[in-house]
Amino acid sequence: MRILFITPLLTRFGARWMPIGICSMAAVLDAQGHETMLFDRAAVYDLLGKDRLRTRDAMKRAILRFSPDMIAMSTVSPAIFDTVDCVQFIRTFYNKTVIAGGHHVTALPEMTLRRIPGVDLAVSGEGELVLASLAKGDDPFSIPGISGRKRDGIVSLPPQKIAVLDALPFPKMDILNLTYYLEKNPVTIRGFNLSVATVLTSRGCPHRCAFCTESLTYGPGVRFHSPEYVLACLREITGRYAVNGLYFLDNDFLANRDRAEAICALMMDNGFQKRLKWAIQTRADRIDGPILSVLKKAGCVKIELGIESGHQHHLDQVNKNEDSAAGERSLRLCRKNGVRSHAYMLMGLENETIEGLNRQLAWLKQLKPDTSTWSLLHMYPGTLLYRRKGDRFFETQSWSETAVNAYYSRSHLSGIPDEERRRWVETRLNPWLRQISVLSHLRNNPVSFWFEALARDPLLKLRGVLNHIRTRLYR
């Protein structure tokens, strides 16, 4: 069977993190003798100058050329309108099976089938085993995780987790446009101009933050690849591709500290720390001096921390289950131990005020993370936050681009008017974010990077000179 994967068009997404879930599904299908292809709408859109019409036409040409027996669409709630439009367009020239999966479908499988009639089957949870069964010709209504239409209505079967992750083949990275994903860039590992491969060594999270969809697709708890599997995967990647960076997409790389230390030991035993710089995501309360020492020796140069807020009442609101002091302590420890840090912060929380945002910003400036992003608190279907405060938007409102973008561009909980917050972001927050971003590039990259950047944007020369002076003060 020939299976074509299609990703959603995420126009607001900057980092070139590989869609490893699709790579994993493709690897399983390939191992069973099927032929797979990916049309990566996000990458193609970027490469075609952010032109939607040209991206759509390129997708049609790819479908007609590959002539798939089945098309598998990946979905996320902020871009569900793109899936709606995409399926409508595909159905004007394609009459075989279309399935949809991903976070949005997992949360709302039956609603997805009702709202997007061009989708034949919805897949909840992990997709590897489901797609393998479908491609083999099994009865769809015997496969865990499938939702589909029958004469008496929509039938949904609960998803089933993959018990042993090490039984999966290594993700098929060749399905990607590797010229695009492996091109040196300073955003995949923020501030480091590297050619970066993306790796996922665990699935799920032991915590249940109210805003997070991690446990939605992967189920409660966390499952791990063994350190030996991770090492073999890294050997495969570095043996085939000229990369000098790795980004671990695990929701919490340090969820099992012993395993993380074992991975670091194997990386050092095999010399990866000499040729690779890498980054992880983890919780602030995982950080201490000994683990930072291990990570740094193994080549970790950046730790991305879900700080969210310095106020305990805000952390309690979103079920963070963490002491507010952990954020401050972790950022100070990263700085003391010479490991770059990235602070994820949230806006749009309940009882938020402009004065509170100013205090948060002043607090973070004192802690001096290498980089930071501040995101509006979003409500994704299937999360605790959406169930409590989401007003059933996706069940009752249009899935049009206008409606969905409006939903995800405003705060639903904060008392600050949206326009007032936007002014604060433009006048107070963004100037500081731009400053520390430039400083990060100055600190983390050789002079040759700046010559290349100057060739593209001469204005960087003035910015670079001014910020080089600031760098000394910032340290």
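Position 1 is the first residue of the sequence, and the numbers go up from there.
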Please give me the minimum heavy-atom distance between [X] and [Y], naming the atom from each residue.
X: I307; Y: S330; answer: CD1-OG, 3.9 Å
X: E322; Y: Q312; answer: O-NE2, 3.0 Å
X: N251; Y: C205; answer: OD1-SG, 3.2 Å

* Hey, is the main chain of R421 close enough, under 3.5 Å, to the side chain of D418 for a donor-acceptor pair? -> no
* Look only at the side chain of R223 and the backbone of Y218, and say whether a donor-acceptor pair between them is shorter than 3.5 Å. => yes
How long is the span from the [atom1] atom in [X] to the [atom2] atom in [Y], to the nearest 0.5 Å?
X: R286; Y: I303; atom1: CZ; atom2: CD1; answer: 13.0 Å
X: R340; Y: K296; atom1: CZ; atom2: NZ; answer: 9.0 Å
X: H378; Y: R410; atom1: NE2; atom2: CZ; answer: 10.5 Å
X: H103; Y: C212; atom1: NE2; atom2: SG; answer: 8.0 Å
X: E350; Y: S411; atom1: CD; atom2: OG; answer: 9.0 Å
X: Q360; Y: L349; atom1: CD; atom2: CG; answer: 8.5 Å

* To do: Classify the angle between the aromatic ring planes of H412 and Y407 as parallel (below 30°), tilted (30 to 60°) or perpendicular (above 60°).
  => tilted
* Give the intermediate values and the outcome of ring-ring contact (aromatic ring centres under 6.0 Å, His included) for residues Y380 and Y408. => CA-CA 9 Å; Y380 300 106; Y408 279 114; 5.6 Å; yes
* Asked: In chain order, what residues pass the ring pair (Phe, Tyr, Trp, His ring centres under 6.0 Å) check against Y247, with sequence neighbours excluded?
  -> W17
